[in-house]
Amino acid sequence: MDLAQSKTLTSRSLFSYFFRLVISMKKFFSFSLLALLLLFLPACAAKDLYVLNESSFFLVMTNMQYYPEQYIGSTIEYDCFTYELTDIHGNSYICGVRKCSSGYGCTCGNDTIIGFILESEEPLPAPKNQSEDNNDKTWIHVRGMLKSAQKQEITIYAYTPDGNIDYDTTEILSFLTFQTESVSLIEDYSNLHYYVTK
Amino acid sequence: MANKKEREQRLLEEKNKQIASTQNKTLKFHGIMIALCAACLLCFFFNFAEVYNTAVGTEVKLSGWSFFSAAISGNFSSTGASYGDIAVPFYYYAKSYTTIVGTLSVVCVFLLILTLLVNIAVLATRSHSLTFLSLILSILSAILLLASYIVALLMKNAQILPIYCSNNPACSIRSYAIIPCLLAVAYCAVSALTCRKLIRAKKDAR
C-alpha cells in the first residue's frame with residue numbers, strides 16, 4: 001500500500017467517523033427535542049373545559065382559588081355538596097363545596113371548605129348534614145362558569161372548637177361566584193369524598 | 001552531527017509519546033466527568049424546595065425539573081403534573097424566589113448538557129483543548145447550583161411558612177439543590193486535576 005492509498009483510506013475512515021458522529025448527534029438532538037416536546041405538551045394544550053374528578057379536585061380547585069383569572073371563560077364541571085353560609089347580617093349563600101385543610105394542602109391547619117358560591121336560576125337543593133364529618137350530604141353535579149375573578153367577602157360569626165357559634169368573634173370568608181348552567185342531584189355518592197386532600 | 005540530529009529526533013518522539021500517554025491517561029477522567037455530569041442532571045429529580053414539618057413530613061415540594069419545566073414554559077401557575085406544587089404555594093407566596101430558582105435551573109440544565117456534550121466530544125475526538133472549556137462550564141454550573149440552593153432556602157422569608165406551618169417552629173424550608181452542587185464541585189475538582197495534568201505534560205515536553 002503506497003502513501004497516497006493510505007492517505008485516502010485515512011481520510012475515508014475519518015469522513016465515515018465524522019458522518020457517524022453527525023448521525024448519532026442528530027439522533028441525540030432529535031430525541032432530546034421530542035422529549036422536551038412531550039414534557040411541555042400538557043402545558044401547551046389549551047383547555048376550555050375543566051372536569052374535576054376525585055383525583056384532580058383538590059389541586060385544580062385550589063388553583064382556581066389562587067389564579068381565578070386563568071379560568072374565566074372556561075366551562076367547569078364538578079361534584080360537590082351544598083353548604084349554606086349565613087353572614088352576620090342574615091344573608092344566606094348556597095355554596096358548592098368540599099371540606100379540606102385550611103392550609104390548602106397542609107396537614108397542620110384547621111379544616112375549612114373549598115368551592116364556590118353558586119348562582120342558579122333554578123332553586124338549589126337544600127344542604128343536609130353540611131357540618132357533619134360524614135359523607136351523607138346533599139351531593140350535586142354542577143356545570144357552569146366563573147362569573148368573575150373577583151372574590152366576594154362574607155363575614156360570618158366564628159365557631160368555637162366545640163362547634164358552637166361564637167357571636168363575639170367574626171371571620172371573613174372569600175368566595176368566587178359560579179354561574180351554573182346545569183345542576184343535577186347525585187343519588188349515589190358512595191365514591192365521592194366530602195374531605196379532599198392532595 | 002547526524003548522531004545529534006537522531007538523538008534530538010528520538011528525544012522529541014519520546015516527549016510526544018509522553019504527552020500522548022498523559023492524554024490517554026486523562027481520558028478515564030472524562031469518563032468520571034460524564035458520570036458526575038449525568039448524576040448532577042439526575043439530581044434535578046430531588047426537591048429543590050420543600051416545606052418540611054417534623055410532625056407530618058413533607059407538606060409541599062418542588063423538584064429541580066419542576067422548576068425547569070415551569071421556567072422554560074413560563075407556566076408558573078399551572079397544575080400540570082410536571083410542575084409539582086409550583087403554582088400553590090411556591091409561585092403564589094414566593095413569586096420572585098420561585099422565578100429566580102426556575103431561571104437558574106434552566107441555565108444550569110443547559111450548562112450541564114453542554115458540559116456533557118463537551119466531554120463526549122473529548123472522548124470521541126481526543127481534542128483535549130476542550131477540557132479547559134468543560135472546567136469553565138462546570139465552575140459556572142457549581143456557582144449557579146449554589147445560588148439556587150441559597151435562593152430556595154431564602155423562601156423562608158416569603159409567606160409560605162406562616163401559611164403552611166401555623167407557627168410550628170419545627171417546620172422549615174429545605175432544599176436538596178446542595179447535592180447536585182456538591183457533585184458539580186467534585187466535577188470541577190476532577191476537571192481541574194485533568195487540566196493540571198495536561199498542562200504539566202506539555203510543560204515537561206518543552
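What you see is a predicted model, and the numbers here were worked out from it, not measured in a lab.
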Take atom [atom1] of [X] as the centre, draw a 6.0 Å sphere, and report whether it contains more than 12 heavy atoms from other residues, nucleotides or ligands.
X: A:E119; atom1: CD; answer: yes
X: B:Q159; atom1: CD; answer: no
X: A:K128; atom1: NZ; answer: yes

Notebook entry, point to check: Where do B:S77 and A:N63 come nearest, in terms of heavy atoms and distance?
Noted result: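 Smallest interatomic distance, heavy atoms only, reads O-OD1, 3.2 Å.
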Note: A:L59 and B:T79 closest approach over all heavy atoms is CD2-O, 3.6 Å
Distance col, row B:N75:CG vs A:Q70:CD, nearest 0.5 angstrom, shows 7.5 Å
Rounding to 0.5 Å, atoms OG1 (A:T62) and CG (B:D85) come to a distance of 10.0 Å
By disulfide bond (SG atoms under 2.5 Å apart), B:C171 pairs with (sequence neighbours left out) B:C165
Item to complete: Mark yes or no for whether A:Y66, through its side chain, and B:P89, through its backbone, hold a donor-acceptor pair below 3.5 Å.
Response: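 Answer holds: no.
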Quick check: does any side chain N or O of A:Y67 sit under 3.5 Å from a backbone N or O of B:Y92, one acting as donor and the other as acceptor? yes
